[in-house]
Each structure stands twice: as structure tokens, then as C-alpha cells.
Amino acid sequence: MKPWTRYLPSAALLVIAGLAWQWIVTARHIPSFILPGPVDIAQTAWRLRSLLLTNALPTTEIAVLGFLVALAAGVLLAIAIHLSRVVELALYPLIIASQAIPVLALAPIMLLVLGFTIGPKLIIVALICFFPITVNTVDGLRAVDPDLIRMMRSLGAHRLTILREAELPGALPYLFSGAKVAVTFSVIGALYSEYVGSTEGLGYLMTQLQNQFETGALFGAMALLTAIGVALFAAVTLAERLLIPWHRDERAALYTNRKGYR
Amino acid sequence: MKPWTRYLPSAALLVIAGLAWQWIVTARHIPSFILPGPVDIAQTAWRLRSLLLTNALPTTEIAVLGFLVALAAGVLLAIAIHLSRVVELALYPLIIASQAIPVLALAPIMLLVLGFTIGPKLIIVALICFFPITVNTVDGLRAVDPDLIRMMRSLGAHRLTILREAELPGALPYLFSGAKVAVTFSVIGALYSEYVGSTEGLGYLMTQLQNQFETGALFGAMALLTAIGVALFAAVTLAERLLIPWHRDERAALYTNRKGYR
Amino acid sequence: MKGIEAREISRTFRVDGHALPVLCGVSVAAPPGGFVAVLGPSGSGKSTLLSIMAGLDRPDAGRVVVDGRDVTGRLGLAGYMPQRDLLLPWRRTLDNVALGPELSGMSRADARRLAASHFPRFGLAGFERAYPRTLSGGMRQRAALLRTFLSEREILLLDEPLGALDAMTRMDLQSWLLDVWEEMRKTIVLVTHDVDEAIYLADRIYLLSSRPARVSAVLDVDLRRPRPYDEIVTSTRFLSLKREILGLLGHRPVVTT
Amino acid sequence: MKGIEAREISRTFRVDGHALPVLCGVSVAAPPGGFVAVLGPSGSGKSTLLSIMAGLDRPDAGRVVVDGRDVTGRLGLAGYMPQRDLLLPWRRTLDNVALGPELSGMSRADARRLAASHFPRFGLAGFERAYPRTLSGGMRQRAALLRTFLSEREILLLDEPLGALDAMTRMDLQSWLLDVWEEMRKTIVLVTHDVDEAIYLADRIYLLSSRPARVSAVLDVDLRRPRPYDEIVTSTRFLSLKREILGLLGHRPVVTT
Amino acid sequence: GKAASNGKAVAPETAPPRPATIMLDWTINSDHGGLYTAIQRGYFARNHIAAAPKVPSSSTSQIQLVAAGQANFGISYETDLLAARAQHIPVRSVMCIMQHPLNTVMALKSSGITRPRQLAGKTIGMAGSPSDIPIVSAVMRHDGASIKEARMVNVGYNLLPALLSRRVDAVVGVYWTWEAIQARMKGYPVNVMRVERWGVPNYCELVLVASERTIRAQPIFVREVVQSLQQGYADAAAHPLAAWTALHRADAALSRPLVLRSLELLGPVETDATTVGYQDPRQWEAYAAWLWANHMISRPVAADVAYTNQFLQPHVR
Ligand SMILES: Nc1ncnc2c1ncn2[C@@H]1O[C@H](COP(=O)(O)OP(=O)(O)OP(=O)(O)O)[C@@H](O)[C@H]1O
Ligand SMILES: Nc1ncnc2c1ncn2[C@@H]1O[C@H](COP(=O)(O)OP(=O)(O)OP(=O)(O)O)[C@@H](O)[C@H]1O
Ligand SMILES: [Mg+2]
Ligand SMILES: [Mg+2]
């Protein structure tokens, strides 16, 4: 497929969904304060574009920084769990437990310890999104063909060499699955982080808009948010393609014999 | 290791952390309404045990049901995305977008459409936790050795036979990584779902306790919540072991030659 | 019964940005019920040719013809045994073998019964419920061969099906292959690197040159059938054929006489 | 220089809940600088024996001894080439081969240079930057052999290193193996299913019975060295040895005379 | 079902009571004492109504749910109601539940801050709602200072922890009938600066909201609900202990000392009018103008369309 045709189905579905939405809203006279139509949303968003964009910047920043923190932390934790049975038994349950607590409930404690810095925000984002990375990386490190590892051991490879040369590259596809989930969550994490001591960002803006019943603008902010989410996901997918070259093209022409398809 | 020694490191870490926590709280005179010590929490939780347990039941129920909905939806979506390039291009961006919107912002709309039934709650939980399953399963379906698929195709296998006999079993390890993440999130999802017109469950209870500044009981509820999360994670891990028998033992004795270790 | 023909097949891969011509106008024909062997140096393109004949890969030029019809890129016409054994790790050995008949439309129960009946002859008895990773290299290869054979296609494309076997097991399965071929008149294309095997089994032998592969010679094996192993391999015709082939392959004439 | 010995090795696996005795008091000894071949039916336990000698698996009974020291379960003493080629999918071919010297402590640059210098002889020139999945079966095997050889151990354990190669390539690498062995006096244990190969290369041949494997015979190959291929394989001693081995393996005496 | 299938008329007494869904403003707390008293004392049942309180997903969704017809009534804030009216959302207040602001500026007694001008140079925590800054600004201006001299920080819903741990010197967005009691009960005496005494016009903290459609189509239903609530709140003001009992039955997680003390404070706030629930036209006008002047609503609002006293029973005290 040519690059631009790739986006046709997605765009077509969007247009169809938009039309249906607009039609329902118009035909059933749904008032815009309950569910604004896409036209309404687009108009409001355009009117408030500078407000939206100004506030999108800090949110994206926090999301990306938080994701990077989560990536580093998630992979390191996974390696530690993988390398040491004791660490696994001691830490893994606590890591799982950390995900069952609503992060916002921890906000006061973080605030008390760290004050009104960027720290608590990054921690909130990282807490929300490191988990898929850790679980996937642990499973990926374990999924590497055991015969490959035997081969390396027989050649006298050090434990860390096996990790670096066999297990980590082998776990990359899993890691990236986790990273794609994580980066999508980082956006919502950034939003939540703004409930804790912020006076800017899309999360703060959304609270304000909701309080003033600016439903159209609220939906505009949400649309912007989803656009950021999709863009970050796409960025990680691109990184995956670049970092796993041996994986690429493996599937080329698998279900068809016409060369160049997919 | 003998079964009971498996839990030693985890328990030891918990005890050490608990002691340190108690020590800090006592030594630095941190008031219990800000950060109660473990003794405090345990006492309060014991006092309120029947309140906590009564409210834990509906939360667990919603979490499990919502997770099952998410599992079914997540796998079906992944299969559709995997089988059809058009579905992938049309649906995947929307699925990603669905994760960048705070679910709670959608709650009023769901209430408007579905009313005060169990529906919105299940949808909230499922929305929060289907995503890791979908992303992982899609990646897993794609990661199956292309030569295996070529072999099946050469034997004249139908596309769906390849899916059933080669791709799905091959994707199971990925799927389970996603399911482990998802089931952990389902707990928090259940919590959030109770913000939508509920007067029972741990989520409601926690809001109420926070509202009343009952920090000790609040931490007790959080401890219960994390226990539920860890238990659900363990249940999925067990299911993984049972459902991927060919994977099991592969890693046995990989880093040691002493039989029976691990 | 069907025959299969590869006509003027060319195939070029891209390796590290450079074009790598692998097959260059290669034609191989197996008449209905014929047994054809393909011999050639390692890396010349034998596996590539076979996967094109199986419909798994498309040639850049040339056609695959079955019974006079162009079937280039059509799958499932021939039973194909790839060089790697490619057993499904999640199926037990019996179920892996049963996959062959299953995909040809047999019920799972019947397929398993049929597969199980061949296990003793293939030296796999007792390993029905073992997962593939616990099998030895040769056992895996035998299971893969049995799977392909039981797929019940009239045409079989076999890529070094006996390469991992010791001399004894190999001879045993060679005779088995001849027996079933004579009995059921399949059309077989066999890729092998064993000259004796090619002569012993085939009606006709195609020799490929080294990469890019062309057909450097076609030899008809005019040995009578049936072929009792002991008699055939000691016959003068066998030995002269072997000498000829080794000579064509660039080997100095050192065959024992 | 070091020799390696497996003493009274026994190993039993569990397959589908039943005990499967595979090795039953097997002893194999390669003196320093010796070249030993192990022959045996498919599935008898040759690979199991070799992985025990490499320290990758532990015997239920018996010991592995190097230079008189018990090294059972010790890794990295010998260069081991497994039966599956096991190239790392994420390393290019040159980097895969360079892994051998790298893991022996050589710098990556030196390792790559060393590896690259052997590529032409191994027929891999031009494929330095190709990923393993684009190589042919025989090319993968050659890369794996080169990797093991370059790991610069004094002891090499080779599990069917030439099994996927055609006759020509195979003879070529057999001579190469003999050359480097004579030159650098390594201790080699070779598992093979090719009787000619065993006789041509080894000083001593161990024959294993079928599962559970015992040593059914030990033969000393009293052929002079160096061994020019053409002369050796036509010598009467070679032929009588071959006949003897095939007989011991249960084959009727049909060797060409 | 059976009776109907036998062809007999269904007696009105055996028909199921008519449900009245009421969206709460928050989780069940002392503000809802009157509602639960009315339920427990059968004031709704008397009118053959089954009151069904619902907890909302966020503090603003109840107005939308009421406007959309998903709930019959909602407990909301006068501030939010006027903001909704500014967006032409067709809802009205049919009853004022709290006659005065509960929202307050609060500092620890130990800080010595007793009046707004002492906030100059201090850090003030807020929850991030749009009214926070105008309120602080108004009270400081009234006391001769300027908000520019103070530092406002958003601490989300962690107002009390931030104050008690002295991360901030004062907070806005807390209720003097709730958080102030909590602070005192934890051993931290606080000074409360009630905003209506420092320059903010008096307003109803909580109101009962119904949609214009409901008001038009079902006036009797609305009257019955409103008057049941009037009675309930009058009783709650007079008998805090009874109100506590009713609340406790609805939610076992409530804490007795806190809720009881709060109910005692709330009684006078609920009844400080000619009749319980009364909405004073002059005060509504003034507050709407103040909101507009402080940019808290997007358009000026005519207050008289935002409320109606027509359903109130006079002289309920
Ligand atoms: N990990 C294992 N678990 C269970 N059984 C095993 C395992 N590894 C090997 N076996 C069994 O041990 C026996 C010997 O296997 P091995 O691979 O040593 O044979 P081999 O002599 O190398 O055969 P081949 O020539 O076919 O490679 C086989 O029956 C195999 O099924
Ligand atoms: N997918 C591919 N991409 C690029 N090059 C390929 C691919 N498949 C095969 N080749 C190249 O084509 C050539 C022929 O490979 P092929 O597997 O057909 O050889 P072969 O004759 O079967 O050799 P062997 O006897 O060693 O199995 C090799 O040089 C190989 O590197
Ligand atoms: Mg090949
Ligand atoms: Mg073997």
C-alpha cells in the first residue's frame, strides 16, 4: 500500500462515525451541554485553539518524561526480577500491589515528602505506566529459546553477557508491547498528575471547563488528548521497527505471494 | 525451594519495611491522619473488618467480571486487527485513543446512555483493562515463527486453522503478559466504577473514609485492595502455567545443573 | 495422478542491499508417478526451488505447472517437507504428525489413529505424547517426514528428509519410501545431498550448479525396479552413475571400485 | 593440551511420566590431541552424551574428567557445537561467528576480523551482513561450526557438524578440519551418522547401541596420518574398517568392494 | 402481574411507589441529613414516592444528568447552577438546602491568622475549582489586602493534609461544617473566615435542582418531593441525633462524632429563612452579578429564571 492509502480506512471510519454522531445529535435534538456534535466540538476547539495548545504542551512534556522514567525503572526492575529469584519473590508482589492502589490516594503522601515540585508528577505518571513494561519484559526475558542460552553458556558466556546478547534482544518484542501500552497510559497519567498542584495543563483545563459546563471545549480537549496518545503510540511503534530490524520483513509476504504487499 | 520458603523473601521484606515505616512514623511524630503506622492500620482494619470485607465482595466481583469482558473483547479485537489490515488501520488508532481519555470523563455519558445498571461499571472496568490484552495479543500473533506458518500453509491449512493451531497458541505467552497487567488494573477499574452511582464497594468506602479523614481505615482498605490485586495476578499466573504446558520446564535447570532447582 | 513441473524458474533475493541471483532459469519436471531427485551444492538454491514449487514463494520469472495448469503461487497442491523440521512446540508428537491428515480433511480422531499406526516403523513408538523439544534431532525429522507423507497429497516435495539420520535408520526409511512410492505411485521431488540416496531412489536426477543455480545435468537412472538395496548399490551401473555424478559435481574420480 | 573423558555416564529422562533410560554407563575418552568419533543410531543418546560432556546437563551417575580433574557440570571448558545451529537471530552472520572468539575474551573488533578471514573458505563470503534467517540450511551449519571452532578451546565437542552439507562441501570441510586439527592439535569429539566420515577423520571410534545406549564397540583407526582423501578412502584398511563397523551396527555386509 | 392478568383493577395502595432519583453532590454526608430523615420518617412514602439517592461520578455531572432526564433531582451548588444557566442548560433550583456558604478560608489557630489581610505573604492551598481564586481575592480585598501578595497553590483534594502538615498556611475550598471539625477533632484548632462575612455575597451552598421539563410536566411530583425534603431538613435541624441515625442506616462507614457535630452546626444554616428552602431574590441577584463580575460564569445570568420558590410550603421551620 502507498503511504497515504494506509490512513484511508482510519479516516473513513472517523468520518463515518462523525457523520453518524452529528446525525444522532441533530435528529434526536440532544442538547450540546450533554453531548455536543463534532461540528460543535470542532468550532469550539478552533475558537479556543491557543488555549488548548498552550495547555497541551506541559501535559505532553510530563507524559513523555514520566514515560521515560517508567521505561528505565520498568526494565531495570524486570532485569532484577529475572536475575534474582530472591528479588522476584520479594519485589514482584509489592510491584503488583502498587498497581492496585489508586495513585491519587498516594498523592498526599508524595506531596508531603516531595513538596510542590515536578517530582510527584513524574512519580504519578511513572507509577501509572511502568507496570506493563515490567511484566512484559520479565515474561520476554523468560521466553527466550532456552537452547540459545545453553549455547551461550557452553561457550563460556558470563551471566550478564547472556543477558545483554541473548535475553535482552530476545525480550525486545515483549518489551515494546509493554512500552506501547505504557506510553498510552502516560497521557492519562499526566492528566491525573495535574490534579496535584498544577495550574496549567490539559488536566487542569478540563476541570475548569467541566466546572463551567463548557462541554464543547471539554470534548475538544479530550480530542487533543487522544491525538497526543495516538502520536506517542506511533512514536514507540516506529522505535520498535528501528530497534528490531531482524524482526522486520519476517512477516512480509506471509499470507500472500505478491511481493511488496504490507 | 520448598513451597513455604518461596514466600520468605517477600514476607521478610514486608516485615522490614513495616518496621522501618513504624519507626519513622513514631520517631518523627508523624500524625496518624497523615501517615498512620502499620500497627495503627492493622488495628483499625481489624476493628472495621466486617465493614471492609462486606465492601470488598462487590468490588472483587466487578473486577473479575469486568476482566473477563475485557479478556474476551481484547482477544477478539486483536484477532480482528491481526486478520484484517483494514480493520487494523481503521480500528487500532481508535482503540489507542480510547485509552488516552480518562474513563471517568466518559462516566456521565455512559450513565446517560445505560442508566444505573451494572452495564456502565463493567464497561468502565473493561475499558480500563482490555488494552494491554489487545496490544500484547496483536504483537504475539505477529511474533509466531513465520516458517511455522509457511509449513501450515503448504499443507493446505485454512487461514482460520492457522490462527487456531499456530498463531493463537504461539501468542499465548504474550496474551498472558497482557492478561496479568489487565487483571491488576481491573481492581483499580472496579474502584473507579464505584464512583458511578454506587453506595457500596471499596471504592465508595475509600471516598467516604477519605472524606472523613479516617486515614487509618483508608490504608486498611488499600491494603485489602492490594491483596485482591496480588491474588488475581497469581490466579492468572496459575492459569498461564496450566494453559502453556509446553512452555513449562523449558527453563528448568537453565542456569544451574542441579536438578529440581526452581 | 499428477505430475509437477518447474519451468524456467528465476529468483533473486536482496541480501544486505545487494541483489543475489539464486535461481537462473531452472527447469525441473517430475512426470506423474515419477521420482525425481535434485542434487546441488549447499547454498545453491535447492530449498528456494522447492518452496517455489510448493507455492510458498513466487519466482521472479518462470512458472510452476501441475497437470498442464499454471499453479504458480498456489498452495496446498503438494505435500511439502521443509528442511527445518518445524514441529509445532505446543502439540505433542502424535498430534504434530496427525496435523498432516487433519489438514487434508480427516477427523482428528482418525488422523491420530492413522498417525499412531506408523509410529513403530518410524522408531517413534513411546513418544506419542512427548513434546517435540524432548525429541532427538533425527526423531524430529522422522516425525516431520511422517506428517508430510500422511498429508495424502499425490505430489510430495521433500527437502533433505533423511539428512539427520544415521546410515541404518536412513537405509530403513529409504526402503520404506520406495515401498510406499511403488505401492501408492506418488510423484516425488526429493532434495538431497547424498549421491547414493539420489541414485538409489530416483528415476531421474537433476544436478544444480552452484549459485546462481542452473541445471548443469539431467541423468536418467536406468536401474530396474523394484530395487533391493544390496543388489542395487553393488551393481556396476550404480557405481558408474555415481562416478559420473561426482565427476559432474567437480569431484575427482575417487569412488571405490 | 587437555584430554576429555566421560566415565560411566548414565542419564534417564522422564517422558510423559515414564522413565526413559537414555545413557547406561557410557564411557568415552579422548586423549590430549586425540580425534574421537561417536557413531550410533538416531535417538540413542549421542547428543545427550555430548551436552553432558559440555557441562550443560548433569548425568544421573558418572563423571566428566578433564586432565584428571572432575569437571562434571562445569561449563566453558570445551567448545561445543550443538546439533541445531542456534545462531542468534538478532546478530548478523559475521557477528554470530564472532561471538565465539568474543566469548573467549577477544575484543569485538578483533573477533570480527578473525571471523571474516575464514568466511571465504567456509563459502560464506558476501553473507557477512546477512541475518541468519536468510541463510540456507548448510550455510547456517557452517557458520555455527566456524563459531565453535573460533571459540579457541583446546577441546571441541561437535554434534553432527557437517550433517546438512552436500558431498563436495562436506569433503572440503572434512579436509579443513583435519588440517587445522593436525596443525593446532585440538582434542576433538565428533558425533556423526556418517561412517566414512568417522573413519576418515578419527583415531578412535565409539559405537553406541540403540537406546538405552551402551558402548557396543571401540575401534582404533590405524590409518596413517596425514590422510590424503583419495588415497585413504580407497585403501583396503578403510574398507575393512567400514565393513566391520556396518556389521557391528547391524548392517548386512553389502559394502562395495 | 397476577392481579392484572385476572382482569382486576390494581388498587392504588398496591401499585409500586413512584421512584424519585436524586443525584447527590458527593458521597453521603451530614449535608444529606434532611434527605435521609425524610426517607426514614416516611415523608416520601406518605406521598407514595420512593426516594432513590445516587452518588455521582463527579461533582458536576448531576446537573447534566438532571437536564438529560436520567435523574429527577440533583443536589448541586448555587455556583454550579448559575454556571449551567450561563450555558443555557434548562435546570432550576427548586429549593435552597443550605442558606449560607459552607466553603470557607481556614488557617491553623497556631498560625495566628485570624483575618484575610494576614494572608499576605502566605501560601494558600486550593482544590483547583474555579471559585477558589475569586473568593480569596474578594475576602482579601475586603480586608484591605490583595491576592497578589499571597501565593496560591493547587493541592487537589488534599487540602487538609497540606494544612495540617503546614505545607500551606491556609486553605480555601473546605467546609467550616466538615473539615474544620475534622481538624479540631485531630487536635488542631483552626480559625475559620466565613466568606459571606468578608465581602462575598451570601449564597446557597447547596440547592435542589430539577429540569425545566420536569417542573413543567410534573409540578405535583416536584412539590411532593420538595415538601418532603423541607420537612426532613426541618426535622434534621431540630433533631440532629435522629438525622444521624438515618444517615448511619444508609452508610455504616460514617463516623458518629464528626457527623453529629456537623449536623449540629448545619441546623441553623438550613433553617435561617422564613421557610426551610426559601431562595431570597435579592441575594440570588447579587450573587449572580458577583459571579459575572469575577469571570466565574461565561455570560451574565438573570437570576430569577435560575430558581423558583413556587413549590415550597410556607412556614416550615
Ligand atoms: N530434555 C529431554 N527430555 C526428555 N527426553 C529427552 C530430552 N532430551 C533427549 N531426550 C530423549 O533422549 C533420547 C536421546 O536423545 P538424543 O538427542 O541424545 O539422541 P541422538 O543420539 O542425538 O539422536 P539423533 O541422531 O537423532 O540426534 C531421545 O529418545 C529423546 O527423546
Ligand atoms: N529469504 C531469503 N532472503 C535472502 N536470501 C535468501 C533467502 N532465502 C534464501 N536465500 C539465499 O539464497 C541462497 C540459496 O538458499 P537455499 O536455502 O535455497 O539453498 P540450498 O540449496 O537449500 O542450500 P542447503 O543445501 O545449504 O540447504 C542462499 O545463498 C541464501 O542465503
Ligand atoms: Mg536447503
Ligand atoms: Mg542428536
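Here is the naming used below: chain letters follow the sequence lines, and residue numbers restart at 1 for every chain. Here the structure is a predicted model, which is why all the values come from computation and not from measurement.
- The candidate with the highest count of non-hydrogen atom pairs below 4.5 Å against chain A, out of B/T134, B/V187, B/V87, B/I188, is B/I188.
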Practice prompt. For A/R142 and A/E88, run salt bridge (Lys or Arg N to Asp or Glu O under 4.0 Å): C-alpha distance rounded to whole Å, both residues' side-chain angles, the deciding distance at 0.1 Å, then the answer.
Written response: CA-CA 13 Å; A/R142 287 181 182 164; A/E88 178 187 353; 3.0 Å; yes
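- When A/L94, A/L91, A/T184 are compared by the number of non-hydrogen pairs under 4.5 Å with chain B, A/T184 comes out ahead.
- With a threshold of 4.5 angstrom between heavy atoms, B/L225 approaches chain A through its backbone and through its side chain.
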Item to complete: Quick one: do A/F185 and A/F67 satisfy ring pair (Phe, Tyr, Trp, His ring centres under 6.0 Å)? Show the steps, please.
Response: CA-CA 9 Å; A/F185 288 165; A/F67 167 71; over 10 Å; no
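- In this structure, chain A has heavy atoms under 4.5 Å from both the backbone and the side chain of B/I96.
- Residues A/I128 and A/Q99 come closest through the heavy atom pair O-OE1, 4.2 Å.
- Residue with the most contacts toward chain A among B/A227, B/A97, B/G229: B/A97 (heavy-atom pairs, distance under 4.5 Å).
- Here the shortest heavy-atom pairing between B/T215 and B/P36 reads CG2-CD, 3.8 Å.
- A salt bridge links A/K180 with A/E240; the closest basic N to acidic carboxylate O contact falls under 4.0 Å.
- The part of B/L14 that comes within reach of chain A is its side chain, from C-beta onward, which places non-hydrogen atoms under 4.5 angstrom from that chain.
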